[in-house]
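Sequence positions, counted from 1, serve as the residue numbers for this chain. Numbering of ligands and ligand atoms starts at 1, following listing order.
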Amino acid sequence: MSLKADLTSADLNEIRQSALGAADPLGVAADLADAARDGRLADPQDAGLALTLAAEIAESRSKLDAALRYVDGALEAYGKRDDSPAAGARALRARILFRAGRGDEAFAEIEPLRPLLTQYPDAPAYITAALAVGNRGREAETWLTEAVQEVLAERGATEPADADDAGVLFFLLQQRHRLRHALGRQHDTHDNLAERLETRLANASARAATAPAEDLVFWPRPEFDRLAKQTEVYGATWDEHRARLERELVRLAGTGRADLAVFPGSVDALTRQAGVGGDPVTGENRSAYATTLATGAARIPWPPERNGSCWCGSGLKYKKCCLPRSRS
Ligand SMILES: [Zn+2]
Ligand SMILES: [Zn+2]
């Protein structure tokens with residue numbers, strides 16, 4: 001198998017997703033390394049990324065010599081960079097060395113990364129993974145605990161509201177929580193906090209998956225023109241408004257959502273929703289109105305037949321009206 005020329009970062013990410021299931025993953029790894037060496041990457045800055053990926057693939061096939069060669073190439077490509085991808089490559093090198101039974105060298109590679117635990121959101125994961133492979137779970141636990149304490153001390157007493165608010169603390173708590181379960185530890189207060197944040201995050205994603213999408217409020221032409229005097233949040237023009245809806249519908253259909261529809265809004269109803277003296281176009285009121293609409297009876301099913309009349313009410317065929325807008 002041969003990779004195409006000028007691999008972009010997006011291509012590399014796609015290869016990351018698919019390589020392990022490929023018929024010849026080691027061939028993919030070798031091709032990636034060649035592409036990096038021969039300058040066949042769209043962005044030469046991606047050489048480190050391509051070689052790291054090659055190393056991960058080789059490691060997963062227990063080809064540790066090749067993995068080590070690739071990761072050394074990655075570190076050479078990263079040079080003096082000390083950002084998270086470069087640190088991730090160092091952690092990977094440590095992990096491969098641990099696997100190869102070279103524990104002392106591995107530990108010497110991973111130890112200098114310890115201060116990064118509180119700096120990069122993905123550092124807790126790659127550092128813990130390397131230590132776990134080397135049966136250094138106790139060290140990982142200590143490192144994570146101290147990092148958690150450090151961040152908590154900096155934040156002061158307030159408990160983070162959610163995972164977003166917690167930032168790197170969330171990833172520290174999460175890795176620590178998993179690791180401690182694996183080590184058979186009882187929950188402590190940090191684990192309780194980890195669990196609360198994990199639960200909130202899971203609930204928020206579940207809500208997001210089923211939420212009546214605010215983005216599916218559709219303003220028919222006369223309503224849009226009235227609303228345009230007050231806000232542009234639904235699009236600067238009616239065309240843009242319809243294009244956004246069409247794109248969102250296509251996206252939702254792609255996630256497997258069935259029974260899609262748009263919900264025609266009216267400015268009078270939006271204004272009533274705000275109550276006396278309320279501002280109809282605040283985010284809060286618009287979102288409350290979207291919920292009202294989504295649970296009501298008025299809905300325009302999507303998609304119409306290609307040759308049927310368009311959902312937007314223009315009177316044109318769908319294929320000549322909003323269908324092509326999703327590509328604009
Ligand atoms: Zn737990
Ligand atoms: Zn249309």
Side-chain angles (χ1 to χ4, degrees), residues 124-125 128-129 131-132 137-138 140-149 151-152 159-160 162-163 166 168-206 213 215-228 232 234-254 260-266 293 298-328:
T128 306
L131 289 169
R138 280 165 178 282
E141 188 186 10
T142 307
W143 291 15
L144 290 167
T145 301
E146 288 183 17
V148 164
Q149 285 164 346
V151 179
L152 281 174
E159 178 172 326
D162 54 32
V168 72
L169 175 61
F170 175 72
F171 298 100
L172 286 167
L173 287 166
Q174 188 185 38
Q175 287 301 326
R176 183 177 177 279
H177 182 204
R178 281 185 197 158
L179 175 70
R180 284 169 45 84
H181 269 288
L183 295 172
R185 306 272 194 260
Q186 297 289 320
H187 260 218
D188 63 7
T189 55
H190 296 329
D191 291 319
N192 292 337
L193 175 56
E195 207 147 79
R196 283 198 294 282
L197 293 173
E198 285 163 10
T199 307
R200 263 172 245 164
L201 183 64
N203 289 343
S205 346
D215 303 329
L216 297 181
V217 177
F218 164 57
W219 301 98
R221 185 73 201 244
E223 299 296 325
F224 184 87
D225 290 343
R226 283 179 68 194
L227 198 57
E232 281 196 359
Y234 294 102
T237 63
W238 196 50
D239 284 354
E240 189 189 320
H241 173 55
R242 291 182 293 169
R244 276 195 205 171
L245 279 171
E246 184 70 23
R247 280 195 295 265
E248 178 63 5
L249 289 158
V250 169
R251 188 188 72 76
L252 289 169
L260 287 163
V262 295
F263 302 91
S266 94
L293 274 184
R299 63 200 300 281
I300 304 170
W302 181 95
E305 295 287 326
R306 286 175 59 84
N307 282 312
S309 40
C310 191
W311 57 263
C312 76
S314 64
L316 299 173
K317 287 180 177 176
Y318 176 48
K319 70 174 184 192
K320 296 264 180 209
C321 185
C322 289
L323 175 66
R325 288 184 211 284
S326 68
R327 297 171 212 133
S328 60

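- Side chain of R180 to main chain of Q186: a donor-acceptor pair is present (N/O by atom type, distance under 3.5 Å, no hydrogens or angles).
- Classified by interplanar angle (parallel below 30°, tilted 30° to 60°, perpendicular above 60°), the ring pair F218/H241 is parallel.
- Stacking of R242 on the aromatic ring of W238 is recorded, both the 6.0 Å distance cut-off and the 45° axial limit being met.
- Checked by atom type, the side-chain pair Y318/E246 shows a donor-acceptor distance below 3.5 Å.
- Of the possible polar contacts, none joining the S326 side chain to the C322 backbone as a donor-acceptor pair under 3.5 Å is found.
- The NE2 atom of H177, the Zn ion (ligand 1) and the OE2 atom of E195 define an angle of 90° (nearest 10 degrees).
- The Zn ion (ligand 1) has no N, O or S atom of D191 closer than 2.8 Å.
- Proximity of a side-chain donor or acceptor of D225 to a complementary backbone N or O of P222 within less than 3.5 Å is not detected.
- The atom name of the N/O/S atom in H181 closest to the Zn ion (ligand 1) is NE2.
- By the 6.0 Å contact criterion, CZ on R185 is enclosed, its count of non-hydrogen atoms from other residues, nucleotides or ligands being greater than 12.
- The distance cut-off of 2.8 Å around the Zn ion (ligand 2) captures these protein N, O or S atoms, sorted by chain and number: C310 SG, C312 SG, C321 SG, C322 SG.
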